[in-house]
Amino acid sequence: MPVPGRQLLRAALRNYSTRADLRWRKIPSFEVLPATSERAVYYLTPHSDGPHGGIRVAFRHVDLLNAIGIRSAVLYPKGTRRPAWFESSTPMVTADTVEFHADDILVVPEVYGPMLTALRDDIRVLIFNQGAYITFNHVDLTTSHPGAPYSTLSRFEGIMTVSEDSAELLGLAFPEAQIDIARPVVDSSIFYADERPRSKTIAYVPTRRADELHQVLHILRARGTTWELRALQGLTEKAVGEALRSTSIFLSLSERDGFGLPPAEAMACGNYVVGYHGGGGREFFDPAFSRTTTSTIDLISALEQAMSAPLDLLARKGRAASDSVLNAYSEDGLRDDLARIYSRLI
């Protein structure tokens with residue numbers, strides 16, 4: 001039986017972790033100026049030193065909105081520098097320099113959910129929910145009201161999300177909210193298939209299902225797998241694309257994902273994808289060129305079946321996957337989505 005001192009230490013560590021997690025979610029304060037005839041859109045974005053797909057998506061939205069004539073910028077906390085892990089010339093402002101007007105729109109990611117009560121009542125808010133499955137993280141069930149965390153917003157304009165799965169889930173949670181889908185983009189200049197020979201390599205991104213991944217790697221080794229297993233970690237976007245053009249299989253470890261860019265990008269690079277769709281990925285996991293799994297045992301079986309297939313067959317399925325993903329998740333398609341969504345707001 002644990003001694004009281006250990007129980008107290010564990011509780012203290014949990015409380016510290018929660019406080020630290022909420023601290024970076026603090027919404028920066030800024031002045032709201034009188035309305036003008038030209039409305040602008042600002043995407044509130046937390047700072048991240050390393051790759052974070054949600055931040056990359058916000059920058060792309062801002063670029064496309066400016067391209068269609070809607071003035072837009074990324075809004076960062078004070079003292080934040082431009083991300084170094086991808087290239088951009090996207091307009092950026094910080095909380096201490098922004099000139100925010102009363103009819104402008106503040107686009108807020110779902111990760112700020114528990115802190116939304118700090119927003120001023122005169123700010124128009126559009127929630128950009130890229131992670132529907134984490135909507136209620138840190139939102140206390142016993143003290144919050146139905147409709148939290150969005151019910152506190154006086155000028156709530158609705159929810160923008162990234163997949164059919166997310167829209168369906170959010171519709172259950174917020175049945176009266178306007179919910180729109182702004183599709184993700186798989187960048188065809190970075191993620192594409194070519195004709196180079198494919199190696200007997202399975203690629204994966206080790207940021208989901210860590211315990212299960214550990215099991216899978218041990219089991220594959222115990223069963224005498226001769227294929228190389230390559231973790232894609234700490235790489236730039238371009239380096240990830242380059243790596244995926246030489247591998248044959250991508251192990252998808254998606255888990256409760258709003259969309260799941262890693263398997264989509266792997267498909268775009270011509271990989272046969274095996275693993276979990278994570279929810280959001282169910283709209284592009286086509287059995288013609290991928291294999292969805294439901295358990296660790298199923299995952300091992302599916303991987304071994306794929307590894308036993310001829311490389312040229314995997315490559316043909318990979319090319320079909322690439323064509324499908326790049327056609328469905330294009331920048332032109334997202335531009336159309338954004339024009340439709342903001343036509344009712346601007």
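In what follows, every heavy atom counts, from backbone to side chain, and hydrogens, waters and symmetry copies are set aside. All values derive from a computational prediction rather than experimental measurement.
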Colleague: If we only count heavy atoms from C-beta on, is the V93 to V74 side-chain gap below 4.5 Å?
Modeller: no
Colleague: What I want to find out is whether E228 reaches K200 closely enough, with some N-O distance under 4.0 Å, to be called a salt bridge.
Modeller: no
Colleague: Parallel, tilted or perpendicular: which fits the ring planes of Y342 and Y43, with parallel below 30° and perpendicular above 60°?
Modeller: tilted
Colleague: Does G260 offer a backbone N or O that forms a donor-acceptor pair with the side chain of S254 under 3.5 Å?
Modeller: no
Colleague: So which pairs with a foot in residues 184-193 pass side-chain hydrogen bond (donor to acceptor under 3.5 Å, both in side chains), sequence neighbours left out?
Modeller: D187-S189
Colleague: Report the hydrophobic cluster partners of L253, with the cluster defined as I, L, V, M, F, W, Y residues connected by side-chain heavy atoms closer than 4.5 angstrom, directly or transitively.
Modeller: I202, Y204, L213, V216, L217, I219, L220, W227, L229, I249, L251, Y272, V274, Y276, L299, I300, L303, M307, L311, L314
Colleague: Using 0.5 Å steps for rounding, measure from the CD1 atom of I346 to the CD1 atom of I341.
Modeller: 12.0 Å
Colleague: Would you say L141 has more than 12 foreign heavy atoms packed within less than 6.0 Å of its CG?
Modeller: no
Colleague: Taking the side chain from R155 and the backbone from D122, do they hold a donor-acceptor pair closer than 3.5 Å?
Modeller: yes
Colleague: Please enumerate all residues that pass ring-ring contact (aromatic ring centres under 6.0 Å, His included) together with Y150, with sequence neighbours excluded.
Modeller: F156, F174
Colleague: Start with the C-alpha distance between R82 and S88, add both sets of side-chain angles, then the distance that settles side chain to side chain donor-acceptor pair (under 3.5 Å), and finish with yes or no.
Modeller: CA-CA 9 Å; R82 185 177 295 275; S88 80; 2.9 Å; yes
Colleague: Would L75 and L106 count as a side chain to side chain contact (heavy atoms under 4.5 Å, CB included) if you check the C-alpha gap in whole Å, the side-chain angles of each, and the deciding distance to 0.1 Å?
Modeller: CA-CA 9 Å; L75 173 60; L106 182 65; 3.8 Å; yes
Colleague: Check whether more than 12 heavy atoms from other residues, nucleotides or ligands sit under 6.0 Å from atom CD of E99, and answer yes or no.
Modeller: no
Colleague: Ignoring hydrogens and angles, tell me if any N or O in the side chain of N271 forms a donor-acceptor pair with the backbone of V273 under 3.5 Å.
Modeller: no
Colleague: Run the salt bridge (Lys or Arg N to Asp or Glu O under 4.0 Å) test against D63 and tell me which residues pass, sequence neighbours left out.
Modeller: none
Colleague: Using the test side-chain contact (heavy atoms from CB on, under 4.5 Å), find all partners of P146 that sit at least two apart in sequence or belong to another chain.
Modeller: none
Colleague: Between D103 (side chain) and A35 (backbone), is there a donor-acceptor pair under 3.5 Å?
Modeller: no
Colleague: Any ion pair linking R124 and E157 (charged N to carboxylate O, less than 4.0 Å)?
Modeller: yes
Colleague: Got a salt bridge between R291 and D298, using NZ or NE/NH1/NH2 to carboxylate O under 4.0 Å?
Modeller: yes
Colleague: Applying side-chain hydrogen bond (donor to acceptor under 3.5 Å, both in side chains), can you list everything that pairs with T143, at least two apart in sequence or on another chain?
Modeller: D140
Colleague: List in chain and number order the residues that pass ring-ring contact (aromatic ring centres under 6.0 Å, His included) with F289, two or more places apart in sequence or in another chain; answer none if no residue qualifies.
Modeller: none
Colleague: Is N66 reaching over with its side chain to a backbone N or O of V62, donor-acceptor style, under 3.5 angstrom?
Modeller: yes
Colleague: Looking at CE of M115 and NE2 of H138, how far apart are the two atoms once the value is rounded to the nearest 0.5 Å?
Modeller: 10.0 Å
Colleague: Is it true that R183 and D336 make a salt bridge, defined as a side-chain N closer than 4.0 Å to a carboxylate O?
Modeller: no
Colleague: Quick check on the hydrophobic clustering: are I181 and L345 connected, directly or via other members, by side-chain heavy-atom contacts under 4.5 Å?
Modeller: no
Colleague: Check the side chains of S330 and D332 for a donor-acceptor pair under 3.5 angstrom, ignoring hydrogens and angles.
Modeller: no
Colleague: Is the shortest side-chain N to carboxylate O distance from E168 to R282 below 4.0 Å?
Modeller: yes
Colleague: Can you tell me how far OH of Y42 sits from CD1 of I105, rounded to the nearest 0.5 angstrom?
Modeller: 11.5 Å
Colleague: Do the side chains of V186 and I190 join up, straight or via other hydrophobic residues, at under 4.5 Å, putting them in one cluster?
Modeller: yes
Colleague: Given R208 and D257, is the side chain to side chain contact (heavy atoms under 4.5 Å, CB included) satisfied, shown in steps?
Modeller: CA-CA 10 Å; R208 294 286 193 277; D257 283 337; 3.0 Å; yes
Colleague: Has S252 got a side-chain atom pairing as donor or acceptor with P263's backbone, closer than 3.5 angstrom?
Modeller: no
Colleague: Taking all non-hydrogen atoms of both residues into account, name the closest pair between A288 and D286 and its distance.
Modeller: N-OD1, 2.8 Å
Colleague: Side chains of F250 and P262, heavy atoms from C-beta outward: is any pair under 4.5 Å?
Modeller: yes
Colleague: Before giving the answer on side chain to side chain contact (heavy atoms under 4.5 Å, CB included), spell out for V107 and L44 the whole-Å C-alpha distance, their side-chain angles and the decisive distance to 0.1 Å.
Modeller: CA-CA 6 Å; V107 182; L44 179 61; over 6 Å; no
Colleague: Strictly below 4.0 Å, N to O, side chains only: are R196 and E242 in salt-bridge contact?
Modeller: yes
Colleague: Would you compute the distance between atom CG of D337 and atom CG of D180 and round it to the nearest 0.5 angstrom?
Modeller: 9.0 Å
Colleague: First locate atom CG of L153, then atom CG of L126, and finally report the distance between them rounded to the nearest 0.5 Å.
Modeller: 10.5 Å
Colleague: Step by step, would you call Y329 with V185 a side chain to side chain contact (heavy atoms under 4.5 Å, CB included)?
Modeller: CA-CA 5 Å; Y329 304 107; V185 170; 5.7 Å; no
Colleague: Could you check whether any side-chain N or O of T36 sits under 3.5 Å from a backbone N or O of E38, counting only pairs where one atom can act as donor and the other as acceptor?
Modeller: yes
Colleague: Can you list everything that forms a salt bridge (Lys or Arg N to Asp or Glu O under 4.0 Å) with E31? Sequence neighbours excluded, please.
Modeller: none
Colleague: With sequence neighbours left out, what residues match S163 under side-chain contact (heavy atoms from CB on, under 4.5 Å)?
Modeller: D165, S166, F259, E283
Colleague: Does F191 offer a backbone N or O that forms a donor-acceptor pair with the side chain of E265 under 3.5 Å?
Modeller: no
Colleague: Measure the spacing between CG of L169 and CD of E164 and express it to the nearest 0.5 Å.
Modeller: 13.5 Å
Colleague: Checking N129 against T135: is there a side-chain donor and acceptor pair closer than 3.5 Å?
Modeller: yes
Colleague: Applying the 4.5 Å side-chain criterion to the ILVMFWY set and letting contacts propagate, would Y133 and V108 be lumped into a single cluster?
Modeller: no
Colleague: Applying side-chain hydrogen bond (donor to acceptor under 3.5 Å, both in side chains) as the test, list every pair that has at least one member in residues 312-326; sequence neighbours left out.
Modeller: none
Colleague: Among all residues two or more places apart in sequence or in another chain, which pass the ring-ring contact (aromatic ring centres under 6.0 Å, His included) test with H101?
Modeller: none
Colleague: Is it true that H61 and F128 have ring centroids separated by less than 6.0 Å?
Modeller: yes
Colleague: Would you say D194 has more than 12 foreign heavy atoms packed within less than 6.0 Å of its CG?
Modeller: yes
Colleague: Are more than 12 heavy atoms from other residues, nucleotides or ligands located less than 6.0 Å from atom CZ of R221?
Modeller: no
Colleague: Can you give me the closest heavy-atom contact between Y112 and I27, atom names plus distance?
Modeller: CD2-CG1, 3.6 Å
Colleague: Residues two or more places apart in sequence or in another chain: which of them pass ring-ring contact (aromatic ring centres under 6.0 Å, His included) with H145?
Modeller: none
Colleague: Judged by atom type as modelled, is there a donor-acceptor pair below 3.5 Å linking the side chain of Q130 to the main-chain atoms of G54?
Modeller: yes
Colleague: Are I68 and M160 connected in a single hydrophobic cluster, I mean Ile/Leu/Val/Met/Phe/Trp/Tyr linked by side-chain heavy atoms less than 4.5 Å apart?
Modeller: yes
